[in-house]
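Contents: one structure, followed by commentary.
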Amino acid sequence: MIIWECIEAKGYLSAGVRGELSEPIKAELDRHVLDCSDCRGELELIEKLFVLRPATPLQLPLEIKKAVRLEFFEAETSYWRKLLPAAAVTTLLVSASLLDKVLFLPDISLLEQDFFVNVWPSEDYDLAGSLVLDDFSEESLNLLFEEIK
Amino acid sequence: MAEVNIPKRKSDEVLVRMVYSGKLAAMDTLIDRYYSLCFGICMAVLKDYDDASDACQNCFVNVFKNIGKFRGDGNFRSWVLTIARNESFSVLRQSKNRRENVYEKMEPALRSREDVPREVFLRIESSQVREVVETLPDKQRLAIKLRIDEGLSFKEIGQIIGSSEGASRVNYHHGIGKLKELLGA
Ligand SMILES: [Zn+2]
């Protein structure tokens with residue numbers, strides 16, 4: 001049997017009150033406390049202090065998890081929010097260049113400069129925008145066909 | 001006989017690594033493991049349910065917001081203690097004027113159903129103890145609360161009250177001695 005000193009026994013009192021001691025140590029402590037009025041007094045005081053401890057609110061873990069997730073979610077959205085203007089500008093540029101290709105081709109003035117081809121608007125819908133090849137030399141036509149091949 | 005696989009409790013270190021790799025479930029497990037301890041510390045410092053709940057929430061938000069700074073060389077528990085302490089003292093600074101009559105809001109916890117009659121007896125006795133505890137210097141009161149309610153080591157108590165392990169041990173024993181004297185125990 002271990003004979004405990006009071007100082008050793010007192011070191012176990014609060015863990016004993018919280019129910020954290022192993023059986024053999026608990027038994028030793030009980031034995032000491034039974035014989036020692038000083039330690040018994042301190043044990044009673046610690047028991048009274050322990051019942052004063054506040055209960056943890058039941059909703060707390062849920063609230064913490066929500067708050068943590070919100071923080072993480074916000075961090076992610078603000079990351080995207082920072083990227084958003086750049087993304088918008090890129091989209092605008094890409095769509096503008098596409099619009100240019102879709103709506104303004106063929107660009108008549110450019111065609112005129114590059115291919116010495118006469119293109120003009122016509123009241124005739126069949127001819128509108130199409131190339132008129134009547135007055136072309138053999139050489140010019142060959143060059144043109146090379147370009148559009 | 002059929003073999004039973006008992007799932008091993010994952011260490012804090014493993015869970016922290018899982019959080020690093022983006023597993024939210026690991027975060028929840030760490031919260032479940034430490035919210036009660038964290039609340040206990042906040043409550044011991046702040047003595048107010050709402051303030052302690054706020055501080056406890058902020059504590060975990062900061063724990064995970066700064067998880068990248070946690071290198072794992074200290075332990076996670078100790079890290080939570082430090083942040084809980086810092087959050088509590090920061091809330092305390094902001095709400096010192098709201099600290100009157102806070103004990104009317106406090107609901108003491110029950111240990112278990114079997115203990116009820118003894119708990120009731122102790123509670124009646126404890127109301128007197130509560131008043132006396134409040135007369136203790138802050139460091140002694142905190143050392144007692146953190147040791148008895150939360151089972152903190154003297155080293156951890158030192159971390160919270162800003163003193164050495166030895167000094168927090170002395171604070172605890174002086175506090176207990178003074179309570180015995182005042183209560184005639
Ligand atoms: Zn003794």
Side-chain angles (χ1 to χ4, degrees), chain A residues 4-22 25-26 29-30 32-33 36-80, chain B residues 24 27-28 31-32 34-40 43-44 47 49-50 52-54 56-65 103 105-112 115 118-130 133 144-145 147-151 169 172-173 176-177 179-180 183 185:
Chain A
W4 280 1
E5 300 279 335
C6 284
I7 189 152
E8 198 182 350
K10 282 176 182 173
Y12 285 110
L13 290 175
S14 63
V17 167
R18 286 191 312 278
E20 291 171 356
L21 293 181
S22 66
I25 293 179
K26 174 91 174 65
L29 184 65
D30 288 347
H32 177 92
V33 165
C36 176
S37 61
D38 187 31
C39 285
R40 199 162 55 244
E42 189 158 321
L43 175 66
E44 274 168 23
L45 174 63
I46 289 174
E47 282 183 313
K48 286 172 194 167
L49 287 164
F50 186 67
V51 290
L52 289 174
R53 81 196 185 286
T56 309
L58 285 175
Q59 289 298 305
L60 186 63
L62 206 72
E63 280 165 11
I64 294 170
K65 286 170 192 174
K66 254 196 273 175
V68 169
R69 270 169 174 67
L70 199 73
E71 181 68 30
F72 269 62
F73 179 73
E74 286 233 317
E76 259 179 41
T77 11
S78 70
Y79 173 74
W80 287 111
Chain B
L24 286 182
M27 213 151 71
D28 289 350
I31 292 170
D32 287 335
Y34 287 109
Y35 77 86
S36 182
L37 174 65
C38 178
F39 180 77
M43 196 65 195
K47 300 194 263 179
Y49 261 94
D50 297 333
S53 298
D54 288 349
C56 192
Q57 267 188 38
N58 290 344
C59 169
F60 281 99
V61 165
N62 282 323
V63 161
F64 291 113
K65 212 159 96 180
Y103 281 105
K105 281 207 267 173
M106 279 174 69
E107 290 278 341
L110 280 176
R111 234 181 311 179
S112 67
D115 283 336
R118 172 110 178 110
E119 290 273 346
V120 171
F121 162 76
L122 283 169
R123 237 183 246 182
I124 295 163
E125 295 267 300
S126 291
S127 56
Q128 192 196 356
V129 177
R130 175 149 68 199
V133 170
I144 287 172
K145 295 235 88 177
R147 177 76 178 170
I148 293 173
D149 295 357
E150 307 305 328
R169 192 187 297 272
Y172 173 82
H173 287 298
I176 290 286
L179 284 180
K180 278 190 193 168
L183 293 160

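Computed from a predicted model, the values in this text were never measured in an experiment. Within every chain, numbering begins at 1; the chains are lettered A, B, ... in the order of the sequence lines, protein sequences first and strands thereafter.
Residues B/Lys180 and A/Asp38 have side chains in contact (heavy-atom distance under 4.5 Å, counting atoms from C-beta outward). When side chains are defined from C-beta on, A/Leu52 does not count as touching B/Ile148, because their heavy atoms never get closer than 4.5 Å.
In this structure, CD on B/Gln128 lies 7.5 Å from NZ on A/Lys48, to the nearest 0.5 angstrom. Note that CG of B/Asp32 is 3.5 Å distant from NZ of A/Lys65, once rounded to the nearest 0.5 Å.
Neither the backbone nor the side chain of A/Gln59 has a heavy atom closer than 4.5 Å to any heavy atom of chain B. Looking at A/Ala15, there are no atoms closer than 4.5 Å to chain B (heavy atoms on both sides), in backbone or side chain. Contact annotation for B/Val61: both backbone and side-chain heavy atoms come within less than 4.5 Å of a heavy atom of chain A.
Exactly one of A/Lys66, A/Glu71, A/Glu63 qualifies for a side chain to side chain contact (heavy atoms under 4.5 Å, CB included) with B/Gln57. That residue is A/Glu63.
In this structure, B/Phe39 and A/Pro57 approach most closely via the heavy-atom pair CZ-CD, 3.4 Å. Across all their heavy atoms, B/Ile31 and A/Pro61 have their closest contact at CG2-O, 4.3 Å. The minimum heavy-atom distance linking A/Gly11 with B/Arg147 is given by the pair O-NH2, 3.5 Å. What you find for A/Arg18 and B/Asp149 is that their closest heavy atoms are CD-O, 3.8 Å. Here the closest non-hydrogen pair linking A/Leu45 and B/Ile176 is CD2-O, 4.0 Å. The minimum heavy-atom distance linking B/Tyr35 with A/Leu60 is given by the pair CD1-CD2, 4.2 Å.
With sequence neighbours excluded, the residues forming a side-chain contact (heavy atoms from CB on, under 4.5 Å) with A/Cys6 are A/His32, A/Cys36, A/Cys39, listed by chain and number. Every salt bridge (charged side-chain N to carboxylate O under 4.0 Å, His left out) that A/Arg69 has, sequence neighbours left out, goes to B/Asp28.
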